[in-house]
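Order of appearance sets the numbers: ligands from 1, and atoms from 1 within every ligand.
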Amino acid sequence: MESERSLIKELLSNYERNRKNLIIILRELQDKQGYLSTEALLEVSEHLDLSPSEVFGIATFYKRFRTRPLGYFPITVCLGTACYLAGGKLVLEAFARELEIKEGEITENKDFSLSSAACFGCCTQAPVVNIKGKIYPKLTPAKVEEVIINLRNELPED
Ligand code: FES
């Protein structure tokens, strides 16, 4: 926790207290932390002398910002038109059922998180899922359990 705080303070010290720096600060914080924690957002609001609600509003408005941590295996199901029509929503629901989390959540053990995106640019493989940067083409709800079992076997030992 202390190391997180010092990382935030150090990063903020590179930026003058000006509202125009808000987006770039949030972007850099997310690159460093993987997401925007509540503590980080409060520090940013104090540093820029903005209200917490304004900073939280910006962080939750833009889709590129995450306010929740990702799992070791972040699972992103494409819900772009081609994937949606090919059953992407059913695949998303199958992951949610299998992992017992909803879209936007992370499993308690932090192994998996689940989200959706618009299009990965490989629509001919629809429906596709991106897991930790690897594309899984033509996924069906029936294949989801097997995918999860294989990923569990790839988890690092504690
Ligand atoms: S719509 Fe899913 S990859 Fe394009």
Side-chain angles (χ1 to χ4, degrees), residues 4 7-8 11 15 19-45 50 52-158:
E4 181 189 352
L7 181 144
I8 297 167
L11 188 148
Y15 293 95
R19 192 188 186 289
K20 73 175 173 31
N21 290 327
L22 176 57
I23 297 286
I24 190 154
I25 288 173
L26 294 182
R27 207 176 327 156
E28 200 176 329
L29 267 172
Q30 180 165 288
D31 285 347
K32 290 221 156 53
Q33 290 191 298
Y35 77 109
L36 299 168
S37 66
T38 300
E39 185 183 15
L41 293 175
L42 289 173
E43 292 281 350
V44 172
S45 76
L50 297 170
S53 62
E54 183 171 2
V55 175
F56 279 77
I58 295 287
T60 51
F61 177 77
Y62 290 103
K63 234 188 155 180
R64 71 173 175 220
F65 291 131
R66 279 187 302 277
T67 53
R68 295 181 191 199
L70 292 177
Y72 181 81
F73 284 115
I75 299 171
T76 310
V77 180
C78 181
L79 291 183
T81 307
C83 288
Y84 188 92
L85 293 175
K89 183 89 168 138
L90 298 176
V91 172
L92 177 69
E93 288 167 2
F95 274 109
R97 251 192 329 274
E98 195 64 37
L99 296 170
E100 298 180 353
I101 55 174
K102 295 188 193 116
E103 183 182 354
E105 291 183 346
I106 181 170
T107 54
E108 223 170 280
N109 57 14
K110 300 184 176 24
D111 289 346
F112 300 96
S113 54
L114 184 61
S115 61
S116 67
C119 178
F120 299 136
C122 41
C123 315
T124 55
Q125 309 282 314
V128 297
V129 174
N130 182 326
I131 304 178
K132 214 176 171 90
K134 180 179 170 190
I135 293 289
Y136 288 70
K138 298 186 186 296
L139 265 194
T140 63
K143 293 180 188 166
V144 164
E145 185 183 358
E146 188 188 333
V147 170
I148 296 289
I149 289 171
N150 289 338
L151 292 174
R152 286 201 167 112
N153 289 333
E154 290 177 31
L155 283 166
E157 309 265 326
D158 285 334

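- Looking from atom 3 (S) of ligand 1 to the surrounding protein, the closest heavy atom is Phe120 N, 3.4 Å.
- Val128 and Cys122 get closest at one heavy-atom pair: CG1-O, 4.0 Å.
- Close contacts of ligand 1 with Val128, meaning ligand atoms under 4.0 Å from a residue heavy atom, involve 3 (S).
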Can you give me every donor-acceptor pair (side chain of residues 28-36, partner residue at least two apart or in another chain, under 3.5 Å) with its distance?
unit_1 : atom_1 : unit_2 : atom_2 : d
Glu28  : OE1    : Tyr15  : OH     : 2.4
Glu28  : OE2    : Lys32  : NZ     : 3.3
Gln30  : OE1    : Arg66  : N      : 2.6
Gln30  : NE2    : Arg64  : O      : 2.7
Gln33  : NE2    : Glu4   : OE2    : 2.9

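- Heavy atoms of Ala126 come nearer than 4.0 angstrom to ligand 1 in no pair at all.
- Distances from atom 4 (Fe) of ligand 1 show that Cys78 has no N/O/S atom below 2.8 Å.
- Cation-pi check for Lys132 over Tyr72 is met; the charged atom lies under 6.0 angstrom from the ring centroid and within 45 degrees of its normal.
- Taking every heavy atom of Gly121 and a limit of under 4.0 angstrom, the matching atoms of ligand 1 come to 3 (S).
- Every side chain to side chain contact (heavy atoms under 4.5 Å, CB included) that Ala96 has, sequence neighbours left out, goes to Leu114.
- Checking side-chain atoms of Ser113 against main-chain N and O of Gly71 turns up a donor-acceptor pair under 3.5 Å.
- Atoms of ligand 1 lying under 4.0 Å from any heavy atom of Ala82, numbered from 1 in the order shown and given with element: 1 (S).
- Near Cys83, the atoms of ligand 1 lying under 4.0 angstrom from a non-hydrogen atom of the residue are 1 (S), 2 (Fe), 3 (S).
- Judged by the 6.0 Å distance and 45° axis criteria, Lys63 is not positioned over the aromatic ring of Phe65.
- Angle SG(Cys119) to atom 4 (Fe) of ligand 1 to SG(Cys123): 100° [nearest 10 degrees].
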